Amino acid sequence: MKKFWRSTATTALAIGVAALFGPAAAKAETPQYGDELRMVVGSNIPSFDAHIESTFGMIHPIRPFYSVLIRVNPDNPSSPTDFVCDVCEGTVPKPTEGGTKYTFKIRKDIKFHDGTPLTAHDVKATFDKIIFPPEGIASNRIAYFRMVESVTTPDDYTVEFKLKNPSGTFLPSVAMPFNFIYAKKDLDEHGYTWHQKNVNGSGAFKFAEYVPGSHVKGVKYEGYHHKGQPYLDGFTAIAAPKMSVRLQAIRGGQADIEFRGFPPKARDDLVSALGDQITVQESDWNCVLIVTPNHEVKPMDDARVRRALSLAIDRKGGSQYLSKIAIVKTVGGIVFPGHPLAATEAELSQLAGYGNDIEANRAEAKRLLKEAGHENLKITLHNRGVDQPYKVVGTWLIDQWKKIGVEADQWVQPSTPFYATLRSKKDFTISLDFNCQSIINPIADISKFLPGAGANYAYFQDEQLVKWYDELLAEGDEGKQRELIRKYEKRVLDELASQFITLWWYKINPHRSYVKGWKIAPSHYLNQALDNIWIDQAEKKRQLGG
């Protein structure tokens with residue numbers, strides 16, 4: 001496994017360095033204080049509550065207001081195993097009691113932005129909300145913590161997690177950037193939905209303003225617990241759902257950076273136009289678009305129909321075509337491609353929709369539709385109103401399905417109603433959805449496909465999948481983990497076709513070269529506290545004047 005991680009990091013670094021421009025790129029630099037970061041965000045905010053959200057539209061503008069217990073090392077964010085303390089003190093603890101107990105000591109110098117001291121009780125209340133939410137309270141990542149038996153506080157500055165069994169997925173799950181630390185008093189006094197519309201964190205920036213559909217502003221928190229940080233006086237996150245607007249904002253100097261990623265042509269246009277005024281960082285991306293049929297709605301309750309729709313998709317051909325125009329690239333199964341736990345090409349070829357003979361795949365798809373009584377199937381693909389890659393891939397899917405005689409159109413909604421349809425209204429037949437994870441943690445990542453998981457919107461039950469996933473959580477041997485994942489993957493993508501994969505994403509981050517300190521990660525959710533970013537003000541003046 002170590003060989004893989006070195007290879008991935010080297011590849012990302014090589015691409016990033018090869019694409020670096022700017023006169024100061026190779027110098028060791030001292031961070032400068034002052035100025036504001038202007039980021040463009042390609043989505044609106046469904047809510048402020050990270051415990052129920054899974055979108056960059058929330059994490060980019062809201063993460064800078066909050067702390068977490070531990071986080072990926074901001075100086076080494078490509079690593080899936082390099083974690084550092086945020087509100088805990090010292091180094092990330094090793095487990096005791098045979099790998100079933102983790103004890104975190106909490107720093108005593110942290111306050112929430114309203115002045116309330118942050119203690120172990122806030123950490124416990126936060127993880128109780130995530131792991132053991134009250135009836136009726138959603139928690140998107142509850143499945144990540146199925147191994148946790150209890151969270152306790154022996155004293156005001158100690159938190160103990162007791163696990164049912166040793167688990168290599170526990171620390172990566174704790175380190176996820178969505179685990180915002182909330183104040184216990186806010187949860188007690190205002191309830192478990194208060195954070196959906198209100199902010200009281202202990203992060204590097206204090207909430208200043210939110211204008212729906214326009215922007216979020218944050219100002220420097222002078223009491224931030226990481227000494228000397230943040231460097232910026234503040235930031236503005238500008239909502240800009242259209243990619244052309246975001247692109248032109250950076251090109252024209254109205255914005256400094258976009259953290260999610262641009263397609264290849266946009267990168268090339270910016271580099272061509274701005275030369276040494278632009279820096280490009282690139283990386284593989286732990287993010288994949290998936291097709292989610294609603295099993296509670298006909299004809300998606302029929303596995304033959306779902307399987308036919310997957311068989312129709314030419315993934316290899318799509319990779320060659322779409323990677324030139326969209327932020328997608330790699331063919332893979334449910335595990336991040338290239339990871340030791342991921343399927344090989346030979347293993348993938350045995351699954352529905354991955355065979356090399358696309359014409360044979362489509363002939364089988366037509367046969368299945370006829371057998372199911374849906375030769376003239378008409379469907380509406382529910383999709384998210386985000387340019388890349390949702391609309392591009394959605395349009396491509398409709399063309400793929402047309403080749404087996406399926407007539408399809410798209411129903412595109414902005415992010416907030418898009419999520420409402422998936423989560424509560426359930427008024428869709430088939431939808432694009434995504435599995436975008438932060439730290440690469442395959443066993444936790446594939447919980448997206450687990451029936452009953454908070455973020456599984458296919459709405460079905462399958463005892464076999466649940467049984468295998470429980471076995472996987474308790475299995476410490478990597479070889480046996482791989483065998484279990486292969487069975488789980490075949491069940492999801494082939495036997496049930498309960499959900500199916502399109503293509504994995506590829507991350508390209510061009511930004512103004514005066515933005516310093518930020519390093520790309522294999523996820524657009526990671527390294528977004530903004531406490532390590534600074535502005536080279538001489539370089540900014542050179543580029544923009546003033």
Side-chain angles (χ1 to χ4, degrees), residues 1-2 4-13 16 39 50-51 53-56 58-60 62-95 102 104 107 123 126-127 130 140-141 144-145 161 167-181 201-205 224-226 229-230 257 259-261 281-287 336 338-339 435-445 505 507 509 516-533:
M1 182 175 285
K2 289 180 179 178
F4 166 79
W5 297 126
R6 282 199 298 270
S7 173
T8 300
T10 301
T11 300
L13 181 62
M39 66 171 111
H51 299 176
E53 302 300 343
S54 302
T55 172
F56 71 98
M58 181 285 302
I59 206 86
H60 289 180
I62 306 301
R63 170 69 178 89
F65 301 131
Y66 283 96
S67 300
V68 291
L69 180 54
I70 63 174
R71 59 178 174 169
V72 67
N73 186 345
D75 294 322
N76 187 26
S78 291
S79 170
T81 57
D82 188 359
F83 304 128
V84 296
C85 272
D86 189 355
V87 305
C88 55
E89 65 179 17
T91 57
V92 174
K94 303 289 185 186
Y102 287 82
F104 294 86
R107 291 175 59 149
V123 178
T126 292
F127 279 95
I130 294 170
N140 250 21
R141 279 155 287 276
Y144 289 44
F145 295 97
F161 290 80
S167 172
T169 71
F170 174 70
L171 278 181
S173 298
V174 173
M176 286 188 297
F178 293 95
N179 300 333
F180 291 178
I181 302 296
S202 55
F205 297 89
Y224 188 50
H225 55 284
H226 290 294
Q229 295 180 316
I257 194 167
F259 286 113
R260 181 168 176 264
Q281 300 187 54
E282 300 188 13
S283 172
D284 289 323
W285 198 340
N286 191 16
C287 201
F336 185 66
H339 190 281
N435 191 20
C436 287
Q437 301 295 340
S438 48
I439 295 154
I440 299 168
N441 183 7
I443 295 174
D445 294 351
W505 298 15
K507 199 165 188 291
N509 283 121
K516 301 292 178 67
W518 180 77
K519 294 181 179 178
I520 195 170
S523 164
H524 58 316
Y525 301 135
L526 294 175
N527 211 11
Q528 295 301 138
L530 308 187
D531 56 350
N532 54 347
I533 291 180

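Residues: numbered from 1 along the sequence shown. Just so we're clear, the structure is a prediction, and the values are computed from it rather than from any experiment.
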dist Lys519:NZ -> Asn76:CG (nearest 0.5 Å) comes out at 7.5 Å
Does some side-chain heavy atom of Val84 sit less than 4.5 Å from a side-chain heavy atom of Pro74?
yes
Side-chain contact, heavy-atom cut-off 4.5 Å: Asn73 with Ser79?
no
With sequence neighbours left out, the residues meeting salt bridge (Lys or Arg N to Asp or Glu O under 4.0 Å) with Arg107 are Asp109
Going from CG on Asn509 to CH2 on Trp518, what distance comes out if it is rounded to the nearest 0.5 angstrom?
4.0 Å
If you look at every heavy atom in Arg63 and Gln528, which pair is closest and at what distance?
CG-O, 3.6 Å
Taking side chain as C-beta onward, heavy atoms only, is Pro172 less than 4.5 Å from Phe83?
yes
Minimal non-hydrogen separation, Ile439 against Met176, with atom names
CD1-N, 4.3 Å
If a pair satisfies salt bridge (Lys or Arg N to Asp or Glu O under 4.0 Å) and one of its residues is in residues 65-83, list it, with sequence neighbours excluded.
Arg71-Asp531
Can you say whether the rings of Phe104 and Tyr102 are parallel (under 30°), tilted (30 to 60°) or perpendicular (over 60°)?
parallel
Can you find a heavy atom in the side chain of Leu171 that is under 4.5 Å from one in the side chain of Ile70?
yes
Mind listing the closest non-hydrogen atom pair of Leu526 and Ala521 along with its distance?
CB-CB, 3.8 Å
Between CD1 on residue Ile181 and CG on residue Asp86, distance to nearest 0.5 Å:
8.0 Å
Any side-chain heavy atom of Phe56 within less than 4.5 Å of one from Cys436?
no
Correct closest heavy-atom pair for Asn140 and Ser54 would be ND2-OG, 2.6 Å
Check whether any side-chain heavy atom of Asp284 lies under 4.5 Å from a side-chain heavy atom of Pro522, and answer yes or no.
no
Tyr525 vs Phe178, ring pair (Phe, Tyr, Trp, His ring centres under 6.0 Å): CA-CA, chis, key distance, verdict:
CA-CA 8 Å; Tyr525 301 135; Phe178 293 95; 4.9 Å; yes
Taking the side chain as every heavy atom from C-beta outward, state whether Gln229 and Asn532 have any pair of such atoms under 4.5 Å apart.
yes
Kindly compute the distance separating CG (Asn179) from OH (Tyr144), expressed to the nearest 0.5 Å.
10.0 Å
For Val72 and Asn527, which heavy atoms make the closest approach, and how far apart are they?
CG1-N, 4.4 Å
Backbone N/O of Ile520 and side chain of Gln281: donor-acceptor pair under 3.5 Å:
yes
Write down the atom of Ile440, the atom of Phe336, and the distance for their closest heavy-atom approach.
CD1-CE2, 3.5 Å
For His524, side chain to side chain donor-acceptor pair (under 3.5 Å) partners two or more places apart
Trp285
Atom pair CZ (Phe180) and OG (Ser202), whose distance is rounded to the nearest 0.5 Å
10.5 Å
Please work out which of the three classes, parallel, tilted or perpendicular, describes the rings of Phe127 and Phe161, given edges at 30° and 60°.
perpendicular
Side chains of Met39 and Leu530 in contact at under 4.5 Å (non-hydrogen atoms):
yes
Once rounded to the nearest 0.5 Å, what's the spacing between atom CD1 of Ile443 and atom OG1 of Thr169?
6.0 Å
